[in-house]
Enquirer: 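Following this message is one structure expressed as C-alpha cells.
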Amino acid sequence: MKSPTNSKACIRALRDAEQIRRCKDLILQQNEAITNSAATFNLCASPVRLSILRLLEEEQELCVCDLAEILDLSVPAVSQHLRKLKQAEAVTSRRSGNTIYHTVKPEFSLQLSQATSLLSTTVTA
C-alpha cells in the first residue's frame with residue numbers, strides 16, 4: 001500500500017514486533033560505535049581531507065608542500081585541512097629541520113576501519 005505524497009504517516013499492513021525490538025536493541029548496543037563512526041565519517045566527508053588521508057596512508061608521510069603540489073592547492077588551504085585532522089587526532093607531525101612531515105596515526109586507521117566495518121556488518125546483518 002502506498003502512502004499519499006503529502007502524508008507523513010507510515011502505512012503498513014503488518015507490524016513485525018520482533019524485528020522492531022531486534023533493531024532497537026542493535027542500535028542501543030552499538031550506540032557508541034555509531035557515534036564514533038559518524039564523527040569519523042564527518043571528518044572524512046571533505047574530499048580534500050580524504051585525499052590527504054589516502055596519500056598519507058600510501059606514502060607513510062608527506063610535508064604540507066608535497067600535499068599542496070599533489071592536490072593543486074595552496075599551502076594555507078592544505079594547512080587548514082591538516083589542522084582539522086590534527087584536532088581530530090587523525091594525523092601526527094614530526095619536524096626534520098625546517099620541514100614538518102605528517103603521518104596518519106595508527107589509531108585513526110583502526111578507527112576508520114572499524115567505522116567502515118560497522119556499515120558492512122550492518123548491511124549484511
Side-chain angles (χ1 to χ4, degrees):
M1 214 152 84
K2 195 171 185 176
S3 73
T5 55
N6 62 352
S7 173
K8 293 185 180 183
C10 175
I11 299 172
R12 62 180 170 207
L14 297 173
R15 176 180 179 274
D16 187 341
E18 177 57 26
Q19 180 185 40
I20 300 290
R21 185 203 57 76
R22 191 175 60 246
C23 290
K24 282 185 171 193
D25 287 348
L26 174 70
I27 296 302
L28 284 173
Q29 290 169 3
Q30 296 188 343
N31 188 49
E32 185 178 347
I34 290 169
T35 301
N36 292 341
S37 295
T40 301
F41 290 136
N42 188 40
L43 181 67
C44 295
S46 161
V48 173
R49 286 194 294 276
L50 192 55
S51 295
I52 289 170
L53 289 167
R54 177 65 184 101
L55 289 166
L56 293 177
E57 281 287 342
E58 183 69 26
E59 298 298 322
Q60 273 64 61
E61 67 177 14
L62 290 166
C63 72
V64 69
C65 297
D66 291 337
L67 289 166
E69 185 175 347
I70 293 164
L71 298 171
D72 290 324
L73 294 171
S74 68
V75 169
V78 172
S79 293
Q80 285 297 320
H81 287 287
L82 285 167
R83 181 182 56 78
K84 289 180 181 179
L85 291 167
K86 284 182 191 176
Q87 287 175 339
E89 299 185 9
V91 298
T92 188
S93 305
R94 74 169 181 87
R95 181 180 289 277
S96 178
N98 289 331
T99 307
I100 299 174
Y101 293 96
H102 305 279
T103 308
V104 175
K105 285 185 163 185
E107 302 85 19
F108 183 77
S109 293
L110 178 62
Q111 185 179 337
L112 187 57
S113 176
Q114 290 170 340
T116 56
S117 88
L118 176 73
L119 282 179
S120 62
T121 303
T122 322
V123 170
T124 59

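Positions are given from 1, in the same order as the sequence printed here. Note: hydrogens, waters and symmetry copies are ignored here, and every other heavy atom, side chains too, is used. Here the structure is a predicted model, which means the values were calculated and not measured.
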Enquirer: Side-chain heavy atoms nearer than 4.5 Å, only ILVMFWY residues, links allowed to pass through others: does that put L50 and V104 together?
Expert: no
Enquirer: Answer yes or no: is there a side-chain heavy-atom contact under 4.5 Å between T103 and Y101?
Expert: no
Enquirer: Show me, pair by pair, the donor-acceptor contacts under 3.5 angstrom made by side chains of residues 37-48, not counting sequence neighbours?
Expert:
from : atom 1 : to   : atom 2 : distance (Å)
S37  : OG     : A33  : O      : 2.8
T40  : OG1    : N36  : O      : 3.0
T40  : OG1    : Q111 : NE2    : 2.7
S46  : OG     : V48  : N      : 3.3
S46  : OG     : R49  : N      : 3.3

Enquirer: Which Ile, Leu, Val, Met, Phe, Trp or Tyr residues join L28 in one cluster when any pair of side-chain heavy atoms under 4.5 Å counts as a link?
Expert: none
Enquirer: Members other than L14 in its cluster, when Ile, Leu, Val, Met, Phe, Trp, Tyr link by side-chain heavy atoms under 4.5 Å?
Expert: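 Grouped by the 4.5 Å side-chain rule, L14 forms a cluster of one, so the answer is none.
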Enquirer: How many angstroms lie between OG in S74 and CD in Q80, if you round to the nearest 0.5 Å?
Expert: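 With rounding to 0.5 Å, OG (S74) is 9.5 Å from CD (Q80).
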Enquirer: Throw together a table of side-chain donor-acceptor distances under 3.5 angstrom for residues 60-73, partners on residues two or more places apart or in other chains.
Expert:
from : atom 1 : to  : atom 2 : distance (Å)
Q60  : NE2    : E57 : O      : 3.2
E61  : OE1    : R94 : NE     : 3.0
E61  : OE2    : R94 : NH2    : 2.7

Enquirer: Can you list the residues that meet the side chain to side chain contact (heavy atoms under 4.5 Å, CB included) rule with T35, with sequence neighbours excluded?
Expert: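 Partners of T35 by the side chain to side chain contact (heavy atoms under 4.5 Å, CB included) criterion, ordered by chain and then number, come out as N31.
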Enquirer: Report the distance from atom OG1 of T92 to atom CG of L56, rounding to the nearest 0.5 Å.
Expert: 11.0 Å
Enquirer: Can you pull out every salt bridge (charged side-chain N to carboxylate O under 4.0 Å, His left out) where at least one residue sits in residues 17-38? Sequence neighbours excluded, please.
Expert: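 Every pair satisfying salt bridge (charged side-chain N to carboxylate O under 4.0 Å, His left out) with a residue in residues 17-38: E18-R21, R21-D25.
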Enquirer: Determine yes or no for a side-chain-to-main-chain donor-acceptor pair under 3.5 angstrom, with T116 supplying the side chain and L112 the backbone.
Expert: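 A pair under 3.5 Å: yes.
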Enquirer: Pairs of donor and acceptor atoms involving the side chains of residues 84-91, under 3.5 Å and at least two apart or interchain, shall be tabulated with distances.
Expert:
from : atom 1 : to  : atom 2 : distance (Å)
K86  : NZ     : S93 : OG     : 3.1
Q87  : OE1    : R83 : NH1    : 3.3

